[in-house]
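Report on the structure given below.
Within every chain, numbering begins at 1; the chains are lettered A, B, ... in the order of the sequence lines, protein sequences first and strands thereafter.
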There are 2 protein chains.
Amino acid sequence: MAVGGAFEKTGRLEVRPEEHAALVDGRPLSLTVRELQLLVTLWSNPQRILTREELHTSVWGTPPRRDDRSVDVYVSRLRAKLGAALPDQKLIYTHNGIGYRFSPDG
Amino acid sequence: MAVGGAFEKTGRLEVRPEEHAALVDGRPLSLTVRELQLLVTLWSNPQRILTREELHTSVWGTPPRRDDRSVDVYVSRLRAKLGAALPDQKLIYTHNGIGYRFSPDG
DNA sequence: TGCACTTGTGAAAAACCTGTAAACAACGGT
DNA sequence: ACCGTTGTTTACAGGTTTTTCACAAGTGCA
């Protein structure tokens with residue numbers, strides 16, 4: 001496969017759940033456990049809208065309590081770190097009233 | 001099965017209630033929760049005339065109050081978004097004095 | 001055609017939801 | 001005990017959706 005050419009636009013983010021790691025261009029992001037769990041959950045379900053319930057259950061192990069905002073707070077932190085490493089890529093999309101979706105493309 | 005030919009005219013709209021999504025040609029429409037609920041209700045009952053009462057009850061959970069126009073307002077918004085994505089297809093038909101009907105074909 | 005009634009739709013107001021900083025708590029290491 | 005780090009909760013600004021309203025446009029019938 002061609003490598004030299006213009007510039008790679010994909011594959012910049014690698015997620016390795018077994019290694020508890022997420023890399024951008026080969027350099028590890030420093031994510032906390034929760035941030036990584038959240039990223040892994042989203043990344044494992046690309047293009048799919050995940051509800052807050054699903055996300056909370058996957059990351060915290062239990063469904064969220066009423067008015068729990070932790071998913072939002074962690075999405076915000078994750079976006080900040082991903083955004084710092086990949087300034088020009090939008091990866092996590094909000095679906096108002098439902099939850100979030102991870103999409104490497106649009 | 002033939003694939004190349006002229007152009008597909010059907011199957012352009014997909015509705016996936018479990019995934020909180022509606023797609024046209026594979027691309028997600030950005031519908032609000034109410035808009036999606038309304039579309040799902042109509043789409044689940046193709047060719048059938050649904051009264052405002054039925055639609056309101058299905059989407060809002062309660063029958064409409066006297067002079068409630070919310071069903072009409074949301075039908076209008078839904079038509080606008082569907083029309084933008086599928087300019088040449090009429091999907092939602094009005095039945096004066098009764099309600100609306102969803103028909104992928106005529 | 002004229003009238004009464006119904007529907008379509010833009011826009012304002014109200015309600016609701018999300019983004020994010022900051023306060024606070026818990027914990028491990030020194 | 002103090003410090004740095006992570007996790008949890010709260011508060012508030014800003015954004016989006018829902019609701020409501022008003023009027024234009026359409027429909028059907030005498």
Side-chain angles (χ1 to χ4, degrees), chain A residues 20-22 28-42 49-84 87 89-103, chain B residues 20-22 28-42 49-84 87 89-103:
Chain A
H20 310 287
L29 292 175
S30 68
L31 302 179
T32 69
V33 172
R34 288 283 187 295
E35 288 163 358
L36 182 67
Q37 287 173 312
L38 179 60
L39 175 57
V40 168
T41 303
L42 288 165
I49 301 170
L50 297 171
T51 63
R52 284 195 177 65
E53 284 68 24
E54 292 176 300
L55 290 167
H56 197 282
T57 300
S58 170
V59 173
W60 281 266
T62 61
R65 309 212 293 314
R66 254 186 70 65
D67 297 337
D68 194 322
R69 302 291 313 286
S70 40
V71 168
D72 302 77
V73 170
Y74 272 87
V75 165
S76 172
R77 292 181 182 169
L78 196 46
R79 279 174 169 159
K81 292 192 179 177
L82 289 172
Q89 248 170 311
K90 188 176 180 188
L91 294 170
I92 302 176
Y93 294 80
T94 302
H95 285 257
N96 223 297
I98 308 177
Y100 298 93
R101 172 177 52 92
F102 180 84
S103 292
Chain B
H20 310 285
L29 292 176
S30 68
L31 302 179
T32 69
V33 171
R34 286 282 185 299
E35 288 163 357
L36 182 68
Q37 287 172 313
L38 179 60
L39 175 57
V40 167
T41 302
L42 288 164
I49 302 170
L50 297 170
T51 64
R52 284 195 177 65
E53 283 68 24
E54 291 176 300
L55 289 167
H56 198 282
T57 299
S58 171
V59 173
W60 280 266
T62 60
R65 309 212 293 318
R66 255 186 68 66
D67 297 337
D68 192 323
R69 302 293 313 286
S70 40
V71 168
D72 302 78
V73 170
Y74 272 88
V75 165
S76 170
R77 291 182 184 163
L78 196 46
R79 280 173 169 158
K81 292 192 180 178
L82 290 172
Q89 247 171 312
K90 188 177 181 189
L91 295 170
I92 301 175
Y93 294 81
T94 302
H95 284 258
N96 221 296
I98 309 179
Y100 298 93
R101 171 178 53 93
F102 179 84
S103 293

side-chain N/O A/Ser70 vs D/dG7 OP1/OP2, d < 4.0 Å: no
Would you say a side-chain N or O of B/Ser76 is under 4.0 Å from OP1 or OP2 of C/dT9? yes
Does the side chain of A/Gln89 come within less than 4.5 Å of A/Leu82's, by heavy atoms? no
I need the CG-C1' distance between A/Asp67 and C/dT18, as an integer number of Å. 13 Å
Can you check the B/Tyr93 OH to C/dT7 P distance for me, whole Å? 18 Å
Reading DNA chain D from 5' onward, which residue's closest nucleotide shows up sooner: A/Val33 or B/Asn96? A/Val33
Main-chain N/O of B/His95 paired with B/Arg101 side-chain donor or acceptor, under 3.5 Å: no
Check for a donor-acceptor pair, side chain of A/Arg77 on one end and backbone N or O of A/Glu35 on the other, with a separation under 3.5 Å. no
Side chain of B/Thr94 - closest among D/dT20, C/dT7, D/dG7: C/dT7
With side chains defined as the heavy atoms from C-beta onward, is the minimum distance between A/Val71 and A/Trp60 less than 4.5 Å? yes
Side-chain donor/acceptor contact of A/Arg66 with base of D/dT9 under 3.5 Å: no
Quick check: any donor-acceptor pair below 3.5 Å linking the side-chain of B/Arg34 to the base of D/dT16? no
In whole angstrom, give the distance that lies between atom CZ of B/Arg52 and atom C1' of C/dC5. 12 Å
Of the candidate nucleotides D/dT10, C/dG10, C/dG8, which contains the atom at the shortest distance from the side chain of A/Val73? D/dT10
Whole Å only: how far is the CG atom of A/Leu78 from the P atom of D/dG7? 12 Å
Atom CG of B/Asp72 and atom C1' of D/dT18 are separated, to the nearest Å, by 15 Å
Report which part of the nucleic acid B/Ile98 touches: base, sugar-phosphate, or nothing (heavy-atom distance under 4.0 Å, all strands). sugar-phosphate
Rounded to whole Å, please give me the gap between CH2 in A/Trp60 and C1' in D/dT6. 12 Å
Length of the CD1-C1' vector between B/Ile92 and C/dT9, whole Å: 14 Å
Is A/Arg69 side chain donor-acceptor paired with the C/dG19 base, going by distance under 3.5 Å alone? yes
How do B/Arg77 and A/Arg77 order along DNA chain D: which one's closest nucleotide is nearer the 5' end? A/Arg77
Residue pair A/Arg34 / A/Thr32, side-chain donor-acceptor N/O under 3.5 Å: no
Rounded interatomic separation in angstrom, taking OH from B/Tyr100 and P from D/dG26: 15 Å
